[in-house]
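Below, each value reflects all heavy atoms present in this structure, side chains not excepted, and no hydrogens, waters or symmetry copies.
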Amino acid sequence: MAKIKIYLLLITVIFCLLSGCTTIFSSSNDEKKPESNLTADAIYTDKNAIHELTIDLISHAKKSIYIQLTSLDDQEIITLLIARTHDGIETRILLDQWQRENKATIKKLKNENISVQYYPAEKGQYQRIRYLVIDDQTAVFYGKDWSTKGYKYKSMAVKLTGDAVTTIAKSFRKDWTYTTTLSLDSENMPVLDEDNITFATTVNIKSQILNQIDTAAASIKIETEQLSEGTTLDALIEAKKRGCKVQVIVSPSCVITSPNAIDKMKEAQIELRYYRDPGKKSIGYNYGIFDDKTFVMTNSAWSYPTFVIYHEGSLTIPSPTATQKMNAIFQQEWKNSTKS
């Protein structure tokens, strides 16, 4: 009887191998991928709502305000930062050295004894990370800057209150130490609830995106200013070949700046559309939605400079609830976009 069982088992294994099965045995105890508890209302897409959120958080800071942006010239926020610093709040700001508007901003802030520096300090790298950290307890990850230029774009922000905030705060401390000779105290940081959100910087951003593309089973939706990085394009084409529905919205300027990428997507029969906004706002969204369960948001376009040269940031959020809202945003953007 035992020999018969072994024989049947061997037949089953051989059949599975010949038929292309990738899983011979399965278990109901297989570990489920962790999900984030981020809610839909943590995602902000209205410019005024994003501004009000920023003002409110800065106004209620009790200990510290850490800011990393490309540019800052919003006078209301600058005036508030000066007032809060004079209230005794520890304020630290990092800005990009190549933005003209920052020169006047830094002069004004330094005249008020506020600690503000360029990042990086003459290292030749553009600074594109954008976030606010309040009291090491709350963070906001931004798509665009608090500036005249930034407000011309359609943008997005995500409010965080879990342990991703700790990761971002530690990243700020690292960048601050790298840029200045003044270290920031990292003791007594609050213990925050686990949120399963991944904050990544620079080269790690591409690996986050590629992982989501490679593991997507049914659908991939992307909206970004530019999609031109070769490895990412190749991964999307492979996803299309294995049966994923791939939809991409890019800026119309991609036809001129990245014609080869456009041609590759068309040849692979990836569903491609060009951004158009009824309100005449420039494209400022950079995100991908994977299987309607997870989304990745980046500070900038999905291009070679973003992944290799610039100082960039991203969030990977495996929240079906929040992703549902992102999907609704994408569907509206897809409806507004054009095929040519």
Side-chain angles (χ1 to χ4, degrees), residues 67-72 93-103 105-106 116-131 141-147 149-150 152-153 155-156 167-168 170-180 198-214 222-237 248-262 264-265 275 282-288 296-316:
I67 297 166
Q68 193 158 186
L69 296 168
T70 301
S71 61
L72 169 61
I93 304 169
L94 291 172
L95 300 173
D96 183 71
Q97 62 181 310
W98 306 109
Q99 309 306 310
R100 291 182 179 179
E101 58 268 35
N102 288 340
K103 185 174 181 180
T105 297
I106 285 185
V116 54
Q117 302 289 344
Y118 285 129
Y119 180 95
E122 302 302 326
K123 302 292 183 180
Q125 182 187 46
Y126 284 95
Q127 146 64 22
R128 292 291 184 268
I129 291 180
R130 304 179 183 97
Y131 59 68
F141 187 84
Y142 298 89
K144 290 298 176 183
D145 294 298
W146 311 341
S147 64
K149 187 192 304 181
K152 292 179 181 179
Y153 289 83
S155 189
M156 183 181 300
T167 305
I168 295 174
K170 288 180 178 178
S171 180
F172 181 87
R173 286 176 166 86
K174 179 181 177 182
D175 287 347
W176 185 262
T177 301
Y178 172 71
T179 307
T180 74
T198 302
F199 170 71
T201 60
T202 319
V203 294
N204 293 322
I205 297 172
K206 186 167 80 168
S207 64
Q208 288 290 315
I209 291 172
L210 289 177
N211 179 61
Q212 293 301 322
I213 294 174
D214 292 343
I222 295 169
E223 180 175 4
T224 182
E225 297 168 81
Q226 300 282 329
L227 178 53
S228 59
E229 200 280 324
T231 310
T232 308
L233 277 172
D234 291 343
L236 286 173
I237 292 169
V248 176
I249 301 172
V250 294
S251 168
S253 65
C254 281
V255 175
I256 298 172
T257 60
S258 309
N260 292 337
I262 295 296
K264 287 182 72 172
M265 284 189 279
Y275 171 85
S282 299
I283 183 172
Y285 291 161
N286 296 284
Y287 64 88
V296 177
M297 175 184 169
T298 61
N299 290 126
S300 301
W302 293 14
S303 62
Y304 178 83
T306 294
F307 297 152
V308 179
I309 301 173
Y310 299 157
H311 188 46
E312 296 280 350
S314 73
L315 292 178
T316 301

Worksheet entry | CA sep, side-chain torsions, deciding dist, call: Arg128, Asp96, side chain to side chain contact (heavy atoms under 4.5 Å, CB included) | CA-CA 8 Å; Arg128 292 291 184 268; Asp96 183 71; 4.1 Å; yes
Fill in: Heavy-atom pair with the smallest gap, counting every atom of Ser314 and Thr298
CB-CG2, 3.8 Å
Worksheet item: Considering residues at least two apart in sequence or located in another chain, which fulfil the side-chain contact (heavy atoms from CB on, under 4.5 Å) criterion with Ser171?
Response: Tyr131, Asp175, Phe199, Thr201
Practice prompt. Rounded to the nearest 0.5 Å, what's the gap from CD1 on Ile213 to CD1 on Ile222? Could you check?
Written response: 5.0 Å
Worksheet entry | Spacing of OG1 belonging to Thr105 relative to CH2 belonging to Trp146, to within rounding of 0.5 Å | 12.0 Å
Discussion item. Test side chain to side chain contact (heavy atoms under 4.5 Å, CB included) on Ile168 and Gln68; report intermediate values, then the result.
Written reply: CA-CA 10 Å; Ile168 295 174; Gln68 193 158 186; over 6 Å; no
Item to complete: Measure the CZ-NZ distance between Arg100 and Lys149 for me, rounded to the nearest 0.5 Å.
Response: 9.0 Å
Worksheet item: For Tyr153, what residues pass the ring pair (Phe, Tyr, Trp, His ring centres under 6.0 Å) criterion, not counting sequence neighbours?
Response: none
Practice prompt. Could you walk me through whether Thr306 and Asn286 pass side chain to side chain contact (heavy atoms under 4.5 Å, CB included), step by step?
Written response: CA-CA 11 Å; Thr306 294; Asn286 296 284; over 6 Å; no
Item to complete: Indicate yes or no: at least one non-hydrogen side-chain atom of Lys264 is less than 4.5 angstrom from one of Ile237.
Response: yes
Discussion item. So does Gly150 get a backbone contact from the side chain of Asp145, meaning a donor-acceptor N/O pair under 3.5 Å?
Written reply: no
Worksheet item: Rounded to the nearest 0.5 Å, how far does NZ of Lys152 lie from NZ of Lys144?
Response: 12.5 Å
Worksheet item: Do you know the tightest heavy-atom contact between Asn299 and Ile129?
Response: OD1-CA, 3.4 Å
Worksheet entry | Separation of Thr198 OG1 from Ile205 CD1 (nearest 0.5 Å) | 12.5 Å
Worksheet entry | Gap separating the OG atom of Ser258 from the CD1 atom of Ile256, nearest 0.5 angstrom | 10.5 Å
Worksheet item: Any side-chain heavy atom of Glu225 sitting closer than 4.5 Å to one from Cys254?
Response: no
Discussion item. Walk me through whether Arg130 and Ser300 qualify under side chain to side chain contact (heavy atoms under 4.5 Å, CB included).
Written reply: CA-CA 10 Å; Arg130 304 179 183 97; Ser300 301; 4.0 Å; yes
Worksheet entry | Check: Gln125 and Tyr119 side chains under 4.5 Å, non-hydrogen atoms | yes
Practice prompt. Could you tell me whether the side chain of Leu72 reaches within less than 4.5 Å of the side chain of Ile67, counting heavy atoms only?
Written response: no
Worksheet item: Tell me, do Gln226 and Ser253 make a side-chain contact under 4.5 Å, heavy atoms counted?
Response: yes
Discussion item. Ignoring hydrogens, what is the shortest heavy-atom contact between Leu227 and Ala261? Give both atom names and the distance.
Written reply: O-CB, 3.4 Å
Practice prompt. For residues Pro252 and Tyr275, report the shortest heavy-atom separation together with the two atoms involved.
Written response: CG-O, 3.5 Å
Discussion item. In the structure I gave you, are the side-chain heavy atoms of Leu94 and Gln127 within less than 4.5 Å of one another anywhere?
Written reply: no
Worksheet item: In terms of side-chain heavy atoms, does Gln208 have a donor or acceptor partner in Thr316 at a distance below 3.5 Å?
Response: yes
Practice prompt. Quick one: sort the Trp176 and Phe172 rings into parallel, tilted or perpendicular, breaks at 30° and 60°.
Written response: parallel
Worksheet item: Can you find a heavy atom in the side chain of Thr70 that is under 4.5 Å from one in the side chain of Trp98?
Response: no
Worksheet item: Taking the side chain as C-beta and beyond, is there a heavy-atom pair between Ile283 and Glu223 under 4.5 Å?
Response: yes
Item to complete: Please name the residue in the list Thr180, Thr179, Asn102 that meets the side chain to side chain contact (heavy atoms under 4.5 Å, CB included) test with Tyr118.
Response: Asn102
Worksheet item: At their closest point, which heavy atom of Ser303 faces which heavy atom of Glu229, and how far apart are they?
Response: C-CB, 4.0 Å
Practice prompt. Have a look at Tyr310 and tell me which of Tyr304, Trp302, Tyr126 forms a ring-ring contact (aromatic ring centres under 6.0 Å, His included) with it.
Written response: Tyr126
